[in-house]
Amino acid sequence: MIPMSTLERTAYELMAKAAIEIPDDYLAGLRRCANTETGDLSAFVIQAMLENYEAAKQDRRAMCGDTGLPRWYVKIGNEAKMEGGPVALEAALRRATARATREVPLRPNRVHPLWRTDHDNNVGINAPEIEYAFHPDVDWIDLTTVHKGGLFGSDYRMLFPGDGIEGIKRFYLDTLIGFGKRGLACQPAIVGVGLGGSKDTSVVLGKQASCLRVVGSRNPDPKIAALEDEFKQLGNSIGMGAMGFIGTSMVIDCHIEVGYCRTGGMPMSVHMFCLSSRRATARIHPDGKVEFRTDPEWFTDYSRRSTVEWERPLVEAAE
Amino acid sequence: MAGSGLKTIHLKLPASTEDLCKLEIGSVAYLTGRVFTAREAVYKHAIEDGAGMPASRAELGLANFHCSPAASVNPDGSHIVGAVTATASFRFAKWLDDWFKISGCNIIIGKGGMTSEVYRNAFVPNNAIYLTTVGYGTGALLGRGIRRVARVYWLEELGLAQAIWVLEVENFGPFLVESDLNGNSLFERENAKIAPGLERLYEGTRPATLRRYGETDDKTDEVI
């Protein structure tokens with residue numbers, strides 16, 4: 001039985017880690033940009049950001065004053081048991097979000113859409129978002145928090161099969177250029193593309209592709225993996241760098257996730273996870289042990305399963 | 001900043017028109033003196049509700065930061081300010097002419113600048129310039145530049161994020177000079193340099209079958 005106090009304490013620590021510590025995979029990607037960027041203004045911006053990450057870690061202060069919209073991804077092992085059940089977990093995540101907002105501190109970024117009511121704690125109606133996934137055969141719970149910006153750099157469009165890869169490329173470029181000018185998307189970014197599903201699925205998959213996969217990871221379908229490479233290259237060929245200044249640093253990496261969609265359609269979403277790509281994950285075991293990491297390991301063979309039943313990997317089946 | 005060939009300026013606040021006259025777009029700026037945060041709720045309250053400014057120009061300073069700090073108020077009334085980063089400025093353009101008149105500001109600090117049309121119509125007549133934050137955003141570096149919170153206005157009325165935070169700053173930066181006293185824009189200069197390559201980039205792509213109302217295919221347009 002996983003104690004709820006451990007889950008809540010871990011959730012608080014994750015909020016602070018996400019806000020303060022740039023994940024290593026993003027940092028390494030940005031350093032590669034710093035080494036190749038020739039635009040003087042874009043290079044200056046990247047250098048300033050690298051110094052900013054150091055300042056944030058040294059001072060234990062948020063790396064960016066806009067600490068985004070905190071949200072949660074929870075992966076529950078099929079054999080996991082938690083004290084108080086999932087309802088208690090949701091309450092714990094909401095409490096940790098509110099406490100971290102006051103104590104880290106984070107910027108209170110959540111208001112009522114019409115009345116602009118602000119609880120000053122990033123908690124409100126339908127906020128923070130909590131998404132769930134499950135994993136076979138294990139007894140742990142993975143908590144991941146992501147603090148993504150939330151205003152610019154994402155778009156959705158209903159394309160059709162006839163639009164083809166050429167149409168996908170165009171919408172990808174439109175989004176990067178439209179939001180890249182003046183650096184509205186706070187690039188260089190981890191770009192996530194969601195293809196297929198229903199409209200909402202395409203947006204969810206694209207967001208998860210940008211926020212929950214680490215730089216350098218590739219889709220298991222080799223043809224999609226090749227597209228990811230091509231799109232990364234394409235984004236860095238626009239001629240635009242950080243803040244929309246002349247340069248080559250637009251895309252740290254590109255991740256594509258797909259879902260089966262309506263025969264006649266090809267919905268597509270594009271998301272850009274920014275210079276403060278805030279994510280942090282912890283695995284909480286039944287004995288109370290907590291392991292922190294920066295790779296959410298959200299997408300797995302199980303999560304992407306494509307047939308009716310989940311069949312165990314062949315290796316295991318052979319044993 | 002180390003390793004940069006860009007021109008760097010240290011400005012004392014409040015800045016005079018003569019000081020601002022020397023700023024060139026694309027230069028790096030650091031500020032020492034007093035800046036205050038104000039965004040949409042402040043503009044609405046001060047201008048549309050007719051509340052005016054909550055304090056004198058000497059108390060607020062003449063540099064308006066489009067920002068909400070990641071900050072909180074302690075039970076004893078003191079403040080914790082962690083990181084500060086700008087919010088996108090283009091959406092405040094409609095208030096700016098009135099804002100310059102009632103606030104007397106001559107420096108606007110924010111994210112992403114505004115169009116040169118807004119600079120010509122609102123900034124130039126009021127001898128004001130625009131500094132953009134870098135990144136965005138260097139929130140931790142900017143947080144280090146804050147010496148203290150001088151005062152917070154309209155906290156009750158507008159909440160933590162939208163209140164006016166008056167900040168005493170020292171070597172606060174880096175910022176980039178986005179507009180000068182003639183209304184030139186660094187972002188528009190860069191956009192113009194990037195535009196000629198876009199046509200070739202789009203070769204072999206295909207416009208979406210399903211169009212959208214109001215859609216443009218002119219890639220020199222901006223979304224702001």
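Just so we're on the same page: letters track the sequence lines, and every chain starts at 1.
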Original post:
Could you walk me through whether Leu160(B) and Asp118(A) pass the side chain to side chain contact (heavy atoms under 4.5 Å, CB included) check?
Top reply: CA-CA 9 Å; Leu160(B) 275 179; Asp118(A) 191 342; 5.8 Å; no
Subject >> Candidate pair Val111(A) and Gln162(B), rule side chain to side chain contact (heavy atoms under 4.5 Å, CB included), full reasoning >> reply: CA-CA 11 Å; Val111(A) 298; Gln162(B) 295 272 350; over 6 Å; no
Original post:
Step by step, would you call Asp174(A) with Lys219(B) a side chain to side chain contact (heavy atoms under 4.5 Å, CB included)?
Top reply: CA-CA 8 Å; Asp174(A) 282 351; Lys219(B) 307 305 177 194; 2.8 Å; yes
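The part of Met63(A) that comes within reach of chain B is its backbone (N, CA, C, O), which places non-hydrogen atoms under 4.5 angstrom from that chain. With a 4.5 angstrom heavy-atom cutoff, Ala208(B) touches chain A via backbone and side-chain atoms both. Of the atoms belonging to Leu201(B), heavy atoms from both backbone and side chain fall under 4.5 Å from chain A. For Val73(B), no part sits under 4.5 Å from any heavy atom of chain A, backbone or side chain. Contacts between Leu106(A) and chain B at a heavy-atom distance below 4.5 Å involve the backbone alone (N, CA, C, O). Looking at Leu234(A), both its backbone and its side chain come within 4.5 Å of chain B, counting heavy atoms on both sides. Tyr172(A) does not touch chain B: none of its heavy atoms, backbone or side chain, sits under 4.5 Å away. If you measure heavy-atom distances from Val134(B) to chain A, the contacts under 4.5 Å come from both the backbone and the side chain. Interface remark: Thr133(B) contributes backbone atoms only to the contact with chain A (heavy atom separation under 4.5 Å). Neither the backbone nor the side chain of Leu158(B) comes within less than 4.5 Å of any heavy atom of chain A. For Arg157(A), the parts lying near chain B are the backbone and the side chain together; criterion is any non-hydrogen pair under 4.5 Å. Both the backbone and the side chain of Ile238(A) come within less than 4.5 Å of a heavy atom of chain B. Proximity to chain A (any heavy atom under 4.5 Å) is shown, for Glu203(B), by neither the backbone nor the side chain. Heavy atoms closer than 4.5 Å to chain A are found in the backbone of Asp221(B), but not in its side chain. Neither the backbone nor the side chain of Arg200(B) comes within contact range of chain A, judged by heavy atoms closer than 4.5 Å. With a 4.5 angstrom heavy-atom cutoff, Glu103(A) does not touch chain B via any of its atoms.
With sequence neighbours left out, the side-chain contact (heavy atoms from CB on, under 4.5 Å) criterion links Arg91(B) to Leu151(A), Arg39(B), Glu40(B), Thr87(B), Ala88(B). Remark: His79(B) pairs with no residue by the side chain to side chain donor-acceptor pair (under 3.5 Å) rule, at least two apart or across chains.
Taking the six-membered ring where the residue is Trp, Phe187(B) and Phe245(A) present parallel rings, their angle staying beneath 30° rather than reaching 60°.
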